[in-house]
Amino acid sequence: DLAKQTHFVEAIWERWGYAAQLAGTAFMIFLIYAMIRDSLALHLLDASETALKTQAQAVAKMNPRQASATKIRKFIAAQEQLEKGRKQAEKVLKMNSALDILELISTSMPAKSLTKLEVKRVSIHNEQAEVHGYTSTDYDKDTIAKALQKAAVGGVVSSTQSMVQSPAGRVPFAFKFKVVRQAGG
């Protein structure tokens, strides 16, 4: 009875006991939260894998056992490439061909009874067209330039250096202008 007793533990508990209880309670709540969260995450993972396999079978016609995230990504990438190809094909289908442009140039040229002209070279590259040839007079050359304004975008026709040799007494002409390559635009 007369031995010295230490009250150190009692003093520590008296001073820090409430904080220790709070820390212990918080730790227990955290453990419960972590277990619930882990369980929920596993459940969602299982549900997403099931949905992935179901959709892989329905959309991609894959065997559910073979369906994986990487195979699905490859399938989606392939489908996106096919869609890009479809869009490019639609652009090509809507494009006016060089023959369409040539027909437009031909119909816009003045009648043979009005001018005596000879077209020697027609080139169409993307939206740029050039017409080279020769005619009888400078007046006919101006008439051709005015006629080509019907085929040109915005009616802008510019004169350029002629690439053809004209016979003696003939007036060479060369015109450059933009044309519409996209149908309807």
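Here the structure is a predicted model, which means the values were calculated and not measured.
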Practice prompt. Please report the C-alpha distance between V131 and V119 in whole Å, then the side-chain angles of each, then the deciding distance to 0.1 Å, and finally whether the side-chain contact (heavy atoms from CB on, under 4.5 Å) criterion is met.
Written response: CA-CA 7 Å; V131 178; V119 175; 3.9 Å; yes
Practice prompt. Please assess M109 against L148 for the test side-chain contact (heavy atoms from CB on, under 4.5 Å), listing each intermediate value before the final yes or no.
Written response: CA-CA 6 Å; M109 291 296 250; L148 286 174; 3.7 Å; yes
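Between Q128 and K178, the closest side-chain pair of non-hydrogen atoms falls below 4.5 Å. A 4.5 Å side-chain heavy-atom check between L117 and P110 finds at least one atom pair inside the cut-off. The shortest distance between side-chain heavy atoms of T135 and T137 does not fall below 4.5 Å. Contact of the K150 side chain with the L104 side chain is not registered, since no non-hydrogen atoms from C-beta on lie closer than 4.5 Å. Considering only heavy atoms from C-beta on, V153 stays 4.5 Å or farther from E127 through its side chain. Between I76 and I72 the shortest side-chain heavy-atom distance falls below 4.5 Å.
The minimum heavy-atom distance between F75 and M62, with the atom names listed, is CB-CE, 4.1 Å. The nearest pair of heavy atoms linking A174 to H132 is CB-ND1, 3.2 Å. Shortest non-hydrogen contact noted between K116 and D140 is N-OD2, 3.8 Å. The two residues G133 and S162 come nearest to each other via the heavy atoms O-OG, 4.4 Å. Taking both residues in full, the closest heavy atoms of R170 and S136 are given as NH1-OG, 3.7 Å, listed atom of the first, atom of the second, then distance.
Crowding of E103 atom CD: a count of heavy atoms from other residues, nucleotides or ligands under 6.0 Å not exceeding 12.
Using a 4.0 Å cut-off between a side-chain N of Lys or Arg and a carboxylate O of Asp or Glu, R86 and E83 qualify as a salt bridge.
Tracing side-chain contacts under 4.5 Å through hydrophobic residues (I, L, V, M, F, W, Y), one never reaches L22 starting from W13; they form parts of separate clusters. Two different hydrophobic clusters hold V180 and I105 under the rule that ILVMFWY side chains link at heavy-atom gaps under 4.5 Å. Residues V122 and V179 fall within the same hydrophobic cluster, defined by Ile, Leu, Val, Met, Phe, Trp and Tyr side chains chained together at heavy-atom separations under 4.5 Å. Linking ILVMFWY residues whenever their side-chain heavy atoms come closer than 4.5 Å, directly or via other members, leaves V157 and V164 in distinct clusters.
S48 contributes a side-chain N or O that, together with a main-chain N or O of L44, makes up a donor-acceptor pair within less than 3.5 Å. Panel note: side chain D46, backbone H43; no donor-acceptor pair is recorded below 3.5 Å. A donor-acceptor pair is defined here as one N or O able to donate and one able to accept, closer than 3.5 Å; such a pair exists between the side chain of S158 and the backbone of K176.
Here the OG1-CG distance, from T143 to D138, works out to 10.5 Å after rounding to the nearest 0.5 Å. A distance of 11.0 Å separates CD1 of I32 from CZ of F27, quoted to the nearest 0.5 Å. H125 contributes atom NE2, which lies 10.5 Å from atom CD of E130 (distance to the nearest 0.5 angstrom). In this structure, L31 CG and I36 CD1 are separated by 11.0 Å, a value rounded to the nearest 0.5 Å. Between the NZ atom in K84 and the CD atom in Q81 there is a gap of 5.0 Å [rounded to 0.5 Å]. Rounding to the nearest 0.5 angstrom, the gap separating the CD1 atom in I144 from the OG atom in S159 is 11.0 Å.
Under the 6.0 Å cut-off for aromatic ring centres, F173 and F175 qualify, their centroids lying closer than that.
In the model, H7 has a side-chain atom that pairs as donor or acceptor with a side-chain atom of E10 under 3.5 Å.
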